[in-house]
Amino acid sequence: MEATAKVTGVRITPRKVKLVIDLVRGKNVADALGILANVNKSATVVVTKLIKSAAANAVNNNKMDESKLYIKTIYANEGPRLKRYLPRAKGSADSLIKRTSHITCVVAER
């Protein structure tokens with residue numbers, strides 16, 4: 001039995017999110033939240049909220065024991081890219097690509 005939670009279109013690059021989610025993959029939910037509380041990255045706020053949501057889905061919808069939950073899988077995929085332009089000298093422009101992420105978390109009982 002497992003429960004999932006997803007967040008889509010987060011305005012953080014998948015590369016930066018993967019640095020954070022690699023720290024908590026396979027850990028107990030309580031341990032993972034403790035680790036994330038001490039990590040100084042922009043993605044930790046979103047990942048913490050996602051893990052809490054997946055744990056709440058497991059407890060409320062599937063009647064799992066909260067103390068036995070662990071992060072079975074967690075991954076970040078690339079979302080849509082926002083294409084923007086930055087003005088430069090002599091009337092030219094440089095293109096900017098603002099990347100987004102889709103993050104998925106699956107929790108299960110040990």
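Side chains included, hydrogens not; waters and symmetry mates left out as well; all remaining heavy atoms used. Bear in mind the structure is a predicted one, so any value in this text is a computation, not a measurement.
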The criterion is salt bridge (charged side-chain N to carboxylate O under 4.0 Å, His left out); which residues satisfy it with Lys72, sequence neighbours excluded?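 Here the qualifying residues are Glu2.
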
**Request:** Ignoring hydrogens and angles, tell me if any N or O in the side chain of Ser95 forms a donor-acceptor pair with the backbone of Tyr85 under 3.5 Å.
**Result:**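 It does not hold such a pair.
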
Next on the checklist: Do Ile97 and Leu82 have side chains that approach each other closer than 4.5 Å (heavy atoms only, starting at C-beta)?
Outcome noted: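 No, side chains not in contact.
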
Got a sec, which residues hit salt bridge (charged side-chain N to carboxylate O under 4.0 Å, His left out) with Arg110, two or more places apart in sequence or on another chain?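 Per chain and number, Arg110 pairs via salt bridge (charged side-chain N to carboxylate O under 4.0 Å, His left out) with no residue.
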
- Message: Quick one, Leu69 and Asn28 - any side-chain contact, counting heavy atoms below 4.5 Å?
- Response: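 Contact flag for Leu69/Asn28 side chains = no.
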
| request: Would you check if Lys98 and Arg84 make a side-chain contact, meaning some heavy-atom pair closer than 4.5 Å? | output: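 SC-SC contact between Lys98 and Arg84 confirmed.
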
Looking at Glu78, I want to see if its CD is surrounded by more than 12 non-hydrogen atoms of other residues, nucleotides or ligands under 6.0 Å.
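Enclosed: over 12 neighbouring heavy atoms sit under 6.0 Å from CD of Glu78.
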
Backbone N/O of His102 and side chain of Asn77: donor-acceptor pair under 3.5 Å =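 Between the backbone of His102 and the side chain of Asn77 there is no qualifying donor-acceptor contact (under 3.5 Å).
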
(Q) Is it the case that the side chain of Ser53 and the backbone of Lys49 share a donor-acceptor pair, with hydrogens and angles ignored and the cut-off at 3.5 Å? (A)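 Side chain of Ser53 to backbone of Lys49, a donor-acceptor pair under 3.5 Å: no, none is there.
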
- Item | Stepwise side-chain contact (heavy atoms from CB on, under 4.5 Å) test for Val39 and Leu23 | CA-CA 9 Å; Val39 175; Leu23 297 172; 3.8 Å; yes

(request) Evaluate the criterion side-chain contact (heavy atoms from CB on, under 4.5 Å) for residue pair Val7 and Val46; output intermediate values, then yes/no. (result) CA-CA 8 Å; Val7 61; Val46 177; 4.1 Å; yes

#### Entry: Heavy-atom check, side chain of Arg88 versus side chain of Leu86, under 4.5 Å
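Side chain of Arg88 against side chain of Leu86, heavy atoms only: contact under 4.5 Å found.
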
The criterion is salt bridge (charged side-chain N to carboxylate O under 4.0 Å, His left out); which residues satisfy it with Arg25, sequence neighbours excluded?
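Expected list: Asp22.
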
- Message: Same cluster or not: Leu33 versus Val24, using hydrophobic residues (I, L, V, M, F, W, Y) connected whenever any side-chain heavy atoms lie under 4.5 Å apart?
- Response: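 Yes, because Leu33 and Val24 connect within a single hydrophobic cluster, where side-chain heavy atoms sit under 4.5 Å apart.
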
- Item | Any Thr13 side-chain heavy atom under 4.5 Å of Val17 side chain |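 Thr13 does not reach Val17 side chain to side chain.
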
> For Ile74 and Val106, what are the C-alpha separation, side-chain angles and deciding distance, and is it a side-chain contact (heavy atoms from CB on, under 4.5 Å)?
Replying inline: CA-CA 6 Å; Ile74 185 168; Val106 178; over 6 Å; no

Item to complete: First locate atom CG of Leu36, then atom CG of Leu50, and finally report the distance between them rounded to the nearest 0.5 Å.
Response: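 Interatomic distance, Leu36 CG to Leu50 CG, rounded to 0.5 Å: 10.5 Å.
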
Please check this pair: side chain of Thr100 against backbone of Pro80, looking for a donor-acceptor N/O pair closer than 3.5 Å.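 Judged by distance alone, yes, a pair lies under 3.5 Å.
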
Any side-chain heavy atom of Ile51 sitting closer than 4.5 Å to one from Ile71?
->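 The answer is yes, as the side chains (C-beta and beyond) meet within the 4.5 Å cut-off.
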
Exercise. Which atom names give the shortest non-hydrogen contact between Asp65 and Glu109, and what distance separates them?
Worked result: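 The answer is N-OE2, 2.6 Å.
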
Q) More than 12 non-hydrogen atoms from neighbouring residues, nucleotides or ligands closer than 6.0 Å to CZ on Arg11, yes or no? A)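 Atom CZ in Arg11 is packed in, count exceeds 12.
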
Check your understanding: Are the side chain of Asn60 and the backbone N or O of Ala56 linked by a donor-acceptor pair below 3.5 Å?
Key ->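 Pair found, side chain donor or acceptor close to backbone of Ala56.
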
Are Val29 and Met1 connected in a single hydrophobic cluster, I mean Ile/Leu/Val/Met/Phe/Trp/Tyr linked by side-chain heavy atoms less than 4.5 Å apart?
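Yes, one cluster joins them.
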
* Side-chain heavy-atom pair Lys83, Leu96 within 4.5 angstrom cut-off ->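 A side-chain contact is absent here, since even the closest heavy-atom pair is not under 4.5 Å.
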
* Report yes if the side chains of Ser42 and Thr44 come closer than 4.5 Å at any heavy-atom pair, otherwise no. =>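 Counting from C-beta outward, Ser42 and Thr44 never come under 4.5 Å.
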
